[in-house]
Amino acid sequence: MSNQVTSSHHVRDTFPAYQAGAGWNALLPARAPHTQAPAGHSFDVIVIGAGFTGLAAARRVAELRPDASVLVVDATTVGNGSAGRNSGFLINLPHNTGMGGHGSPVEVARKQIRLYDIGLKWLHELVTTHGIDCGWNPVGKYHAAATPDGEQRLRDTLAQYRDWGVTYRELSRDALRSEIGTEYYGYGYHSDNNVFVQPAALVRGLADSLPANVRLWENEPVVALEGTGPFTVTTASAQLRAGQVIVANNGFARKLGLARDRVFTIYTYAAMTPALSADELAKLGPAREWGVIPANRLGTTLRKTLGGRFIVRSAYSYEKERPMADVDAMLTDAYQRRYPQMASHKFEHVWGGVTALTRNGALYFGEVRKGLFTSLGCNGAGVLKGSMFGKLLGEMACGHHSPELADALGFERPTWLPPEPIRRVAIVSAIQYQKHRAGLER
Ligand SMILES: Cc1cc2nc3c(=O)[nH]c(=O)nc-3n(C[C@H](O)[C@H](O)[C@H](O)COP(=O)(O)OP(=O)(O)OC[C@H]3O[C@@H](n4cnc5c(N)ncnc54)[C@H](O)[C@@H]3O)c2cc1C
């Protein structure tokens with residue numbers, strides 16, 4: 001294996017380097033990462049990125065081609081990427097998306113729901129088969145609004161739910177107060193289409209139960225991707241070759257020359273309290289676990305966890321992490337406004353995470369050129385979506401056809417993004433406008 005001399009500045013630029021680790025990962029016991037370079041330098045398939053998308057793709061290729069050699073390379077250790085930084089909602093409904101496709105919006109939504117349901121069943125089987133202790137809890141989710149504009153958005157969503165055949169339960173301010181312990185929201189609903197997980201535990205469990213023909217290499221950023229099959233994949237310390245490459249490093253695929261005019265990255269932020277006493281937990285309502293999705297995308301997500309902690313997620317910043325002290329202050333304020341009755345609003349962990357967005361909410365999915373496959377642009381809801389589309393991408397790489405893959409390929413494609421600096425101006429203005437509109441949903 002050749003030793004590639006790559007400047008450390010260039011390497012740091014090719015993957016998300018965070019100011020703080022995620023709380024979820026910190027709660028788990030230490031794990032020995034696979035940091036040793038593989039013995040060979042040539043593989044049938046190389047997967048770039050060990051998040052939900054990359055792990056699902058690698059698993060599926062290995063299942064369908066048990067003789068193939070598969071390498072998964074990640075710039076950080078499993079659980080330290082966005083896959084271990086999120087709020088742990090596995091939402092099996094279209095979410096944060098305007099994804100259209102061939103057919104009416106109702107047909108497209110129903111196709112998506114069918115894919116998510118298949119993905120959820122597949123993930124659940126993996127969790128059960130491999131005994132992944134990730135707190136899998138199918139208790140649904142709340143959506144709640146604190147403003148008239150937010151309430152109207154929720155009512156519009158419910159009109160879609162009726163078209164899609166999704167059931168829900170509406171809640172008044174009083175009902176919400178008795179279920180989640182706050183008077184902050186005037187209107188909301190609960191739907192069953194969600195499972196909670198400890199995301200770092202899930203992604204670790206998936207990585208550590210890969211089939212025997214998959215080799216995982218962590219802490220090894222990919223810095224360049226060249227060729228047309230065989231491909232040359234240059235990492236910080238090696239030059240590798242593969243007949244096929246699956247690019248699953250989400251927004252950072254742009255650093256490898258892909259999807260530059262379709263995908264952009266946004267940082268969003270979360271904080272977790274210490275384990276709370278029984279008295280404090282009772283102030284958050286009687287259920288052991290619940291979560292709230294805000295009525296505006298720029299609003300605040302809440303989650304009470306099985307482990308007796310409380311999590312607050314909010315805010316967006318374009319392409320760059322905000323200073324953690326600002327984030328802490330902003331999330332503390334969001335917590336205090338909703339739960340002034342808590343004895344303390346101190347967090348034990350505060351962190352940021354990157355998520356890749358497209359202009360119209362569509363995934364950048366499929367075979368980009370012969371032998372090169374991508375699924376990028378999770379649009380902030382990629383735990384389940386990444387797993388399902390990663391699985392389908394693995395099937396596509398194996399030449400496997402299915403009605404699900406046909407549906408995935410029929411969805412709308414990401415629309416064009418203007419180049420910088422126009423892009424920055426447009427996106428930052430859109431964030432500012434939505435932030436203003438979100439008002440008390442923040
Ligand atoms: C605070 C927060 C809350 C969220 N809440 C939710 C939620 O509740 N539900 C939900 O569905 N989604 C949520 N998301 C989004 C979710 O985390 C992502 O959609 C999901 O992680 C996407 O999975 P992925 O595998 O496509 O990409 P990622 O999880 O981003 O994985 C990509 C991997 O590629 C690696 N990588 C990057 N560059 C390189 C490189 N050059 N070389 C090698 N490896 C590289 C990264 O280290 C990473 O491990 C949230 C995100 C954040 C930040």
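First listed ligand is number 1; within each ligand, the first listed atom is number 1.
Contact analysis leaves Gly386 out of contact with ligand 1, as no non-hydrogen atom separation drops below 4.0 angstrom. Within the 4.0 Å heavy-atom cutoff, Gly390 does not count among the residues contacting ligand 1. By the 4.0 Å heavy-atom criterion, Lys255 is excluded from the residues contacting ligand 1.
When the heavy atoms of Asn250, Ile48, Thr235 are ranked by distance to atom 22 (C) of ligand 1, first place goes to Asn250. Closest heavy-atom approach to atom 46 (C) of ligand 1 among the candidates Asp74, Ile293, Leu384: Asp74.
In the vicinity of Pro221, heavy-atom distances shorter than 4.0 Å reach the ligand 1 atoms 42 (N). Atoms of ligand 1 lying under 4.0 Å from any heavy atom of Val73, numbered from 1 in the order shown and given with element: 43 (C), 44 (N). With ligand atoms numbered from 1 in the order given, ligand 1 contributes 1 (C), 2 (C), 52 (C), 53 (C) to contacts under 4.0 Å with heavy atoms of Thr268. Taking every non-hydrogen atom of Thr76 and a distance limit under 4.0 Å, the qualifying atoms of ligand 1 come out as 47 (O). Taking every non-hydrogen atom of Pro16 and a distance limit under 4.0 Å, the qualifying atoms of ligand 1 come out as 37 (C). Atoms of ligand 1 found under 4.0 Å from any heavy atom of Ala248 (numbered from 1 in listed order, with element): 32 (C). Interface of Ser82 with ligand 1, defined as ligand atoms under 4.0 Å from a residue heavy atom, comprises 17 (O), 21 (O), 29 (O), 30 (O).
Using a cutoff of 4.0 Å between basic side-chain nitrogens and carboxylate oxygens, Arg309 and Glu348 are scored as salt-bridged.
Only the side chain of Cys378 comes within contact range of ligand 1, with a heavy atom under 4.0 Å; no backbone atom does. When non-hydrogen atoms are compared, ligand 1 lies under 4.0 Å from the side chain of Arg313 (C-beta onward) but not from its backbone. At a heavy-atom distance under 4.0 Å, atoms from both the backbone and the side chain of Phe89 approach ligand 1.
Atom CD of Glu420 has more than 12 heavy atoms from other residues, nucleotides or ligands within 6.0 Å.
Between Ala83 and ligand 1, a contact under 3.5 Å exists for at least one N or O pair. Ligand 1 has an N or O atom lying under 3.5 Å from an N or O atom of Gly382, backbone or side chain. Here's the thing with Thr14: one of its N/O atoms is less than 3.5 angstrom from an N/O atom of ligand 1. Between Phe52 and ligand 1, an N or O atom pair is found at a separation short of 3.5 Å. Residue Gly353 has no nitrogen or oxygen atom sitting less than 3.5 Å from a nitrogen or oxygen atom of ligand 1, judged on distance alone. Every N/O-N/O distance between Gly81 and ligand 1 stays at or above 3.5 Å. Between Val222 and ligand 1, at least one N/O pair is under 3.5 Å apart. The N/O atoms of Tyr269, backbone and side chain alike, include none that comes under 3.5 Å of an N/O atom in ligand 1.
Side-chain rings of Tyr267 and Tyr316 stay apart, their centers remaining 6.0 Å or farther from each other.
Ring geometry for Tyr335 versus His345: interplanar angle over 60°, hence perpendicular rather than tilted (30 to 60°). Taking the six-membered ring where tryptophan is involved, the planes of Tyr189 and His143 are essentially parallel, since the angle between them stays under 30° and well short of 60°.
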Tell me which donor-acceptor pairs under 3.5 Å the side chains of residues 117-127 have, and how far apart each pair is, sequence neighbours excluded?
residue: Asp117; atom: OD1; partner: Asn92; partner atom: ND2; Å: 3.0

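By the side-chain contact (heavy atoms from CB on, under 4.5 Å) test, Ala146 is found to be paired with Tyr184, Tyr185, Leu440, Glu441, residues two or more places apart in sequence or in another chain being considered.
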